[in-house]
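What you see is a predicted model, and the numbers here were worked out from it, not measured in a lab. Both counts, for ligands and for their atoms, begin at 1 and track the order of listing.
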Amino acid sequence: QALIRFDGVGKTYPDGTVAVAELDLDVAEHELLTLVGPSGSGKSTLLRMVNRLVEPTSGRVLLDGDDVAATDPVRLRRGIGYVIQNVGLFPHRTVAQNVATVPGLLGWDRRRTRERVDELLTLVRLDPALHGPRYPHELSGGQRQRVGVARALATDPRVMLMDEPFGAVDPEGRRGLQQEFRRIHDELGTTVLLVTHDIDEAVLLGDRVAVFSQGGRLEQVADPVTVLTR
Ligand code: ADP
Ligand code: ADP
């Protein structure tokens with residue numbers, strides 16, 4: 001059974017823009033699915049329907065068999081990590097405090113939070129020196145993105161939604177970050193939907209690649225080798 005099922009899902013914004021044409025798509029548990037296509041082809045809209053930042057105008061999104069429209073958004077988002085370009089770290093909180101955001105909201109005790117933060121910063125291979133009182137503006141773009149990934153993983157979400165997560169990282173740093181992320185995914189087995197406009201990134205990272213075109217049409221879903229040779 002699919003962990004995430006898009007069942008006749010479409011989105012037309014109030015101004016009449018068809019962002020996502022009705023589509024069916026299944027994502028298996030543990031899969032890393034990349035969504036690739038030109039700017040404006042509906043990838044972000046589709047992603048944001050999973051955590052209910054956008055409501056579909058047709059069809060349903062099922063998470064583990066349950067219609068997300070019938071799930072309380074706060075509870076829903078607790079099980080879904082969300083990483084966007086430029087991350088949106090809290091500038092006045094240290095790296096560790098940023099990573100501890102959701103545990104803080106959930107009222108974890110200090111010791112458990114501290115252990116989890118250490119574990120996560122190690123997982124994303126941030127220099128241990130950064131565990132100290134460092135603030136986001138002191139980090140490189142790639143380091144900030146690692147903090148964003150660590151923060152999103154804090155509660156061990158079953159699903160990660162990533163929207164151009166490496167888009168703001170310089171080209172030299174990006175390759176390393178992609179490989180690190182692939183390793184983290186293989187280690188944790190989190191189900192990931194990752195949006196990118198970079199076909200190389202889609203092919204490098206994806207177990208399968210979903211290709212979108214203008215008008216939010218899903219052209220094909222294929223394994224990376226097939227996409228490359230087309
Ligand atoms: P992508 O992620 O592939 O760049 P988006 O999902 O961001 O595509 O956008 C798909 C289409 O929907 C675009 O034409 C975009 O301008 C439009 N769109 C996105 N958000 C809104 C909105 N809130 N209101 C109206 N149109 C929107
Ligand atoms: P803020 O945007 O200031 O973080 P929110 O109340 O929107 O405040 O979010 C509270 C927490 O939930 C934050 O830690 C944020 O990372 C997380 N969060 C917010 N929106 C989402 C979402 N759509 N999916 C998953 N987590 C989210």
Trainee: What heavy-atom pair brings Leu120 and Ala150 nearest, and what distance separates the two atoms?
Mentor: CD1-O, 3.6 Å
Trainee: Mark yes or no: Arg151 above the aromatic ring of Phe90, with NZ or CZ under 6.0 Å from the six-membered ring centre and no more than 45 degrees from the axis.
Mentor: yes
Trainee: Contact residues of ligand 1 with a heavy-atom cut-off of under 4.0 Å?
Mentor: Tyr13, Asp15, Thr17, Ala19, Pro38, Ser39, Gly40, Ser41, Gly42, Lys43, Ser44, Thr45
Trainee: Does a salt bridge link Asp7 with Arg60, judged by any charged N lying under 4.0 Å from a carboxylate O?
Mentor: yes
Trainee: Are side-chain heavy atoms of Val149 and Met162 found at a separation under 4.5 Å?
Mentor: yes
Trainee: Honestly curious: do Phe166 and Leu204 fall in one hydrophobic cluster under the side-chain, below-4.5 Å linking rule?
Mentor: no
Trainee: Which atoms form the tightest heavy-atom contact between Arg116 and Leu153, and what is the distance?
Mentor: NH2-O, 3.0 Å
